[in-house]
Peer 1: 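Questions regarding the structure given below will be posed in turn.
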Amino acid sequence: MPTTPATAANSSSNGTAPSIMLELVDENGTTIGTAEKLAAHQAPGQLHRAFSVFLFDEEGRLLLQRRALGKYHSPGVWSNTCCGHPYPGEAPFAAAARRVHEELGVSPSLLAEAGTVRYNHPDPESGLVEQEYNHLFVGMVQAPLRPDPAEVEETAFVTARELSERHASSPFSAWFMTVLDAARPAVKELTGETGGW
């Protein structure tokens, strides 16, 4: 992945893990400051910029990921293809493409903006809170996946019907249905009326 001023400012050259900073925003999505990642998620949560990606294969199936068991937030639950936070000053589109590559080892063959959604979702398991102004993206993936096991426990491509069955029987991230519902118009445009989304 190319280095940008935002990613360079958030990388470490001495081998230590730097504090990950998030961009705080107001209700209109205007940047108002920064906060350390964990601090921004502690109750009651600070409103910050985030993104969610929904990638589909050529058959119109959605790529889900089950979050790695070692993650401090929502480990082991199913969620959308990829989600995360832009670094301060990093464009959401660039951040989304970067994280897809970091987590799944693949670059989307198509990635398009699909609007924004604002939500407040407490996670009962961890006590952390998702207060997010979330930028949505939909697209396609056509290359073989190479997931990072530190980020992704497993992946699955599912039809709309298979998603409904899985959602009824398996734990999903607290934000999943909110971001999927907000992205549905763009998903339907991408996958067509026969896709069932």
Side-chain angles (χ1 to χ4, degrees), residues 1-55 65 67-68 70-75 77 79-104 106-108 110-123 125-139 148 150-152 173-183 185-186:
M1 280 272 106
T3 301
T4 67
T7 57
N10 285 278
S11 62
S12 175
S13 59
N14 62 7
T16 62
S19 294
I20 297 175
M21 302 301 290
L22 306 186
E23 203 169 79
L24 301 180
V25 300
D26 66 15
E27 295 291 340
N28 298 313
T30 302
T31 303
I32 58 171
T34 60
E36 191 276 326
K37 182 178 179 181
L38 183 57
H41 287 88
Q42 291 172 335
Q46 295 174 279
L47 184 59
H48 58 275
R49 196 176 308 284
F51 63 82
S52 291
V53 179
F54 297 86
L55 296 181
Q65 70 155 274
R67 293 163 63 84
K71 293 180 81 73
Y72 77 89
H73 191 352
S74 302
V77 301
S79 199
N80 47 294
T81 307
C82 179
C83 54
H85 309 91
Y87 294 131
E90 183 181 23
F93 184 94
R98 172 179 58 80
R99 281 306 285 168
V100 167
H101 191 270
E102 290 172 355
E103 291 188 9
L104 296 162
V106 65
S107 295
L110 171 73
L111 191 63
E113 294 182 8
T116 59
V117 63
R118 196 275 199 229
Y119 53 78
N120 175 2
H121 284 303
D123 175 31
E125 293 293 318
S126 66
L128 299 175
V129 178
E130 290 288 5
Q131 285 265 19
E132 293 189 330
Y133 187 93
N134 196 302
H135 297 257
L136 307 170
F137 299 93
V138 300
D148 177 353
E151 298 286 348
V152 180
S173 63
W175 60 86
F176 176 75
M177 286 309 299
T178 299
V179 293
L180 176 58
D181 286 344

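In what follows, residues are counted from 1 in the order of the sequence shown. Worth saying up front: this structure is predicted, and the values here are computed from it rather than measured.
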Peer 1: Minimum heavy-atom separation for Val179 to Ser52, with atom names?
Peer 2: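 Nearest pair, atom of Val179 first, then Ser52: CG1-OG, 3.6 Å.
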Peer 1: Determine, for Glu151 against Arg99, whether the closest basic-nitrogen to carboxylate-oxygen distance falls under 4.0 angstrom.
Peer 2: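 Yes, this pair counts.
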Peer 1: Do Glu23 and Thr31 have a side chain donor and acceptor closer than 3.5 Å?
Peer 2: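 On atom types as modelled, these side chains qualify, holding a pair under 3.5 Å.
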Peer 1: Using distance alone, with no hydrogens and no angle criterion, decide if His85 and Glu132 have a side-chain donor and acceptor under 3.5 Å apart.
Peer 2: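 Looking only at side-chain atoms, Glu132 and His85 do form a donor-acceptor pair, the distance falling under 3.5 Å.
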Peer 1: Give the C-alpha distance, both sets of side-chain angles, the deciding distance and a yes or no for side chain to side chain contact (heavy atoms under 4.5 Å, CB included) between His121 and Thr178.
Peer 2: CA-CA 9 Å; His121 284 303; Thr178 299; 2.7 Å; yes
Peer 1: Quick one: pull up CG in Leu128 and NZ in Lys37 and give me the separation to the nearest 0.5 Å.
Peer 2: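 It is 10.5 Å, given to the nearest 0.5 Å.
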Peer 1: So how far is it from Ser19 OG to Leu38 CG, rounded to the nearest 0.5 Å?
Peer 2: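 The CG atom of Leu38 is 10.0 Å from OG of Ser19, to the nearest 0.5 Å.
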Peer 1: Kindly determine whether Glu27 and Arg118 satisfy side chain to side chain contact (heavy atoms under 4.5 Å, CB included), including the steps that lead there.
Peer 2: CA-CA 8 Å; Glu27 295 291 340; Arg118 196 275 199 229; 2.8 Å; yes
Peer 1: Less than 3.5 Å apart, any donor N or O on the side chain of Trp175 or Ser74 sitting next to an acceptor on the other?
Peer 2: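 No, no side-chain donor-acceptor contact under 3.5 Å.
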Peer 1: Against Gln46, only a single residue in Ile32, Leu24, Thr34, Val25 fulfils side chain to side chain contact (heavy atoms under 4.5 Å, CB included); can you say which?
Peer 2: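 Among the candidates, only Leu24 passes.
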Peer 1: State, to 0.1 Å, how close Pro122 and Ala174 come at their nearest heavy-atom pair, and which atoms those are.
Peer 2: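 Residues Pro122 and Ala174, closest heavy atoms: O-CB, 4.2 Å.
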Peer 1: Between Arg98 and Pro86, what is the shortest heavy-atom contact and its length?
Peer 2: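 Closest pair (atom of Arg98, atom of Pro86, distance): NH2-CA, 4.5 Å.
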Peer 1: Can you measure from CG (Asn80) to CG (Leu136) and round to the nearest 0.5 angstrom?
Peer 2: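 That separation rounds to 9.0 Å.
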Peer 1: What is the distance from atom CZ of Phe51 to atom SG of Cys82, rounded to the nearest 0.5 Å?
Peer 2: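 Answer for the CZ-SG pair, Phe51 versus Cys82, is 5.0 Å.
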Peer 1: Taking Asn28 for its side chain and Thr30 for its backbone only, find out whether a donor-acceptor pair lies under 3.5 Å.
Peer 2: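 Here the side-chain-to-backbone pair does not exist.
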Peer 1: Which atom pair, heavy atoms only, marks the closest approach of Pro92 to Arg49?
Peer 2: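 Nearest pair, atom of Pro92 first, then Arg49: CG-CD, 3.9 Å.
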Peer 1: Between Glu130 and Tyr119, do the side chains contain an N or O donor and an N or O acceptor separated by less than 3.5 Å?
Peer 2: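 Note: Glu130 and Tyr119 side chains miss the donor-acceptor criterion.
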Peer 1: I want to check something: taking the side chain as every heavy atom from C-beta on, are Val53 and Leu111 in contact at a cut-off of under 4.5 Å?
Peer 2: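 They are in side-chain contact.
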Peer 1: What distance do His101 atom NE2 and Ser107 atom OG have between them, rounded to the nearest 0.5 Å?
Peer 2: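 Between atom NE2 of His101 and atom OG of Ser107 there are 4.5 Å.
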Peer 1: Compare all side-chain heavy atoms of Ser173 with those of Gln65 and state whether any distance is below 4.5 angstrom.
Peer 2: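 In short, these two side chains do not touch, never coming nearer than 4.5 Å.
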Peer 1: How close do Ala39 and Glu36 get, counting heavy atoms only, and between which atoms?
Peer 2: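 Here Ala39 and Glu36 meet closest at N-OE1, 3.0 Å.
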Peer 1: Mind checking what makes ring pair (Phe, Tyr, Trp, His ring centres under 6.0 Å) contact with Phe137, not counting sequence neighbours?
Peer 2: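 Here the qualifying residues are Phe93.
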Peer 1: At their closest point, which heavy atom of Phe176 faces which heavy atom of Ser79, and how far apart are they?
Peer 2: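 Distance-wise, the nearest heavy atoms are CD1-C, 3.9 Å.
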Peer 1: With distance as the sole test, does Thr81 use its side chain to make a donor-acceptor pair with the main-chain N or O of Leu55 at under 3.5 Å?
Peer 2: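 Yes, the answer is positive, given that a donor and an acceptor are paired below the 3.5 Å cut-off.
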